[in-house]
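Proteins get letters first, then strands, A, B, ... in listed order; numbering begins at 1 in each. Reckoned from all heavy atoms, side chains included, excluding hydrogens, waters and symmetry mates.
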2 protein chains.
Amino acid sequence: MLEANKILKKINLRPTTQRTAIIEYILQKHKVHITATKLITHLKKKKFNISLATIYNNLNELADKGILRKLHVNNDKMWFDSNLQDHYHFYDSEKDELIDIDKNEISFSKIPKIPRGKIKDSINIIISLKSKN
Amino acid sequence: MLEANKILKKINLRPTTQRTAIIEYILQKHKVHITATKLITHLKKKKFNISLATIYNNLNELADKGILRKLHVNNDKMWFDSNLQDHYHFYDSEKDELIDIDKNEISFSKIPKIPRGKIKDSINIIISLKSKN
DNA sequence: TGGATTATTAGAATGATTCTAAACTACAAA
DNA sequence: TTTGTAGTTTAGAATCATTCTAATAATCCA
Ligand SMILES: [Mn+2]
Ligand SMILES: [Mn+2]
Ligand SMILES: [Zn+2]
Ligand SMILES: [Zn+2]
């Protein structure tokens, strides 16, 4: 059984050709940052036909099941991240590309006091890059 | 001359009633995080009529002139921040509200190596909050 | 194998933002 | 003051990412 389909079985989703294609893309690259548009473009280039709605349905479903994580980078589009570790990102705006920053590449010597009655839900750190002059 | 209009004169924009209203709102609260929709709702409540296009035109123009800063929080909408200091944010998703974190409330004991050929453009830190239990 | 459940899809709907082009206003030169 | 011009506002259309709808198709398992 395909690795992709083992994953689908584990999370109780039927192994359709569309899902398998999406998951195989994710597995192949191991650590992926992808958007719906980038993914459909990639698949269409490989002559694999799929609708945009299916891409969204599945990326969101995989995020719900904890296989992917959703990232807000800028207001343009939703990113899906296959790296499930705690980590942060560089954003290369010229290439429109995210680069992982391992959790232990950043450490804090001082962290802010959380407002009372609240607890931390998630920390999002994005370091935007530009070209050296 | 109104404080708002002094600002407009300094940045070479004509003091229209719409602009004056927008800037007065920003000044009154001193440190503001606002979105276009929140602002138009506020102004309409005060019986001040203005079009959404004008809100966007002006918030963007003020951002261009360095009077406001644009913030990406999530993909829903653009935020405009009147706090020009280097700082970070808590995001209270229940209230849909941003809270400033002063630059010196966070310090780093380790910072990641910037990829070669690139330099840091901006650092964006958002700590999303949820209610305790 | 049949029927229920789940999935895919095209196209419509939604929401934020920008664009267009026409009407209006501020400003300053005469 | 008047008036021409550049700058501004506006309604509504356009755009783009995303979600929804409801019809069709595939998967599953009794
Ligand atoms: Mn953006
Ligand atoms: Mn969002
Ligand atoms: Zn990542
Ligand atoms: Zn702020």
Side-chain angles (χ1 to χ4, degrees), chain A residues 1-2 4-25 33-44 48-65 67-80 96 98, chain B residues 1-2 4-25 33-44 48-65 67-80 96 98:
Chain A
M1 188 191 258
L2 277 174
N5 290 354
K6 286 184 196 156
I7 292 175
L8 287 172
K9 168 158 270 184
K10 187 160 41 178
I11 60 181
N12 252 306
L13 293 175
R14 293 182 177 174
T16 63
T17 51
Q18 292 85 345
R19 277 191 183 134
T20 304
I22 292 174
I23 301 207
E24 290 203 314
Y25 174 78
H33 302 104
I34 194 81
T35 66
T37 322
K38 283 179 193 291
L39 182 49
I40 200 170
T41 301
H42 171 85
L43 292 175
K44 293 239 156 101
F48 185 88
N49 238 45
I50 187 171
S51 78
L52 192 52
T54 301
I55 297 273
Y56 275 109
N57 288 343
N58 282 293
L59 291 177
N60 280 320
E61 218 150 19
L62 293 174
D64 290 347
K65 300 284 188 172
I67 301 294
L68 293 176
R69 281 168 49 180
K70 292 167 101 165
L71 287 182
H72 295 285
V73 176
N74 53 37
N75 290 8
D76 298 330
K77 48 201 158 336
M78 180 66 71
W79 287 85
F80 294 84
D96 191 29
L98 290 169
Chain B
M1 189 192 258
L2 278 173
N5 291 354
K6 284 186 198 154
I7 293 175
L8 286 172
K9 167 158 272 185
K10 188 161 36 174
I11 59 180
N12 252 306
L13 293 175
R14 293 185 179 173
T16 63
T17 52
Q18 293 85 345
R19 276 191 183 134
T20 305
I22 292 173
I23 300 208
E24 289 203 314
Y25 173 78
H33 302 103
I34 194 78
T35 65
T37 322
K38 283 179 193 291
L39 182 50
I40 200 169
T41 302
H42 170 86
L43 293 175
K44 294 239 155 103
F48 186 89
N49 238 45
I50 187 172
S51 77
L52 191 53
T54 301
I55 297 271
Y56 275 109
N57 287 343
N58 281 293
L59 291 177
N60 280 321
E61 218 151 20
L62 293 174
D64 290 347
K65 299 286 189 171
I67 301 295
L68 293 175
R69 279 168 50 179
K70 294 167 102 166
L71 287 182
H72 295 284
V73 176
N74 52 37
N75 291 9
D76 299 328
K77 47 199 160 333
M78 181 65 73
W79 287 85
F80 294 84
D96 192 29
L98 290 170

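With sequence neighbours left out, B/Tyr56 forms a ring-ring contact (aromatic ring centres under 6.0 Å, His included) with no residue at all. Residues meeting the side chain to side chain donor-acceptor pair (under 3.5 Å) test with A/Thr16, sequence neighbours left out: none. Taking A/Thr20 as the reference, A/Asn5 meet the side chain to side chain donor-acceptor pair (under 3.5 Å) condition, with sequence neighbours excluded. With sequence neighbours excluded, the residues forming a salt bridge (charged side-chain N to carboxylate O under 4.0 Å, His left out) with A/Glu61 are A/Arg19, listed by chain and number. Remark: B/Lys70 engages B/Asn60 in a side chain to side chain donor-acceptor pair (under 3.5 Å) (not counting sequence neighbours). With sequence neighbours excluded, the residues satisfying side chain to side chain contact (heavy atoms under 4.5 Å, CB included) with A/Asp96 are A/Lys38, A/Lys77, A/Trp79, A/Tyr91. Applying the side chain to side chain donor-acceptor pair (under 3.5 Å) rule to B/Ser51 yields the partners B/Thr54; only residues at least two apart in sequence or on another chain are considered.
Taking atom CD on A/Glu61 and atom P on D/dT18, their separation rounds to 17 Å, with Å as the unit. A straight line from CG of A/Leu39 to P of D/dT18 spans 12 Å, rounded to a whole angstrom. Going from atom CG of A/Asn57 over to atom P of D/dA26 covers 17 Å, rounded to whole Å. In this entry the distance linking CG of A/Leu52 with P of D/dT19 reads 10 Å, nearest Å. When rounded to the nearest whole Å, the span between OH of A/Tyr56 and P of D/dA17 equals 7 Å. Between the CG atom of B/Asn49 and the P atom of D/dT10 there is a distance of 8 Å, rounded to whole Å.
Residue B/Asn58 is in sugar-phosphate contact alone, with no base atom involved, counting any heavy-atom pair closer than 4.0 Å across all strands shown. Backbone-only engagement by A/Ile50 is indicated by non-hydrogen atom pairs under 4.0 Å involving sugar-phosphate atoms exclusively.
Contact annotation: A/Gln18 does not reach the phosphate of D/dA26 (side-chain N/O to OP1 or OP2, under 4.0 Å). For D/dT19, the OP1/OP2 oxygens have a side-chain nitrogen or oxygen of A/Asn60 closer than 4.0 Å. Distances shorter than 4.0 Å separate some side-chain N or O of B/Ser51 from OP1 or OP2 on D/dT10.
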Please tabulate, one pair per line, each protein N/O and nucleotide N/O from nucleotides 22-25 of chain D that are separated by under 3.5 Å, including the distance.
none

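Chain B approaches DNA chain C over the interval C/dA16 to C/dC27, counting the first and last nucleotide 5' to 3' with an atom under 4.0 Å from its heavy atoms.
At least one side-chain heavy atom of A/Asn49 sits less than 4.5 Å from a side-chain heavy atom of A/Lys44.
For the atom pair CG of B/Leu68 and CZ of B/Phe80, the computed distance is 7.5 Å after rounding to the nearest 0.5 Å.
Sorted by first then second residue, the side chain to side chain donor-acceptor pair (under 3.5 Å) pairs that include residues 6-15 of chain A, not counting sequence neighbours, number zero.
Heavy atoms only, all atoms of each residue included: B/Leu2 and B/Glu24 are closest at CD2-OE2, 3.3 Å.
Using a 4.0 Å cutoff on non-hydrogen atoms, the parts of residues 8-16 of chain A near DNA chain D are A/Arg14, A/Pro15, ordered by number.
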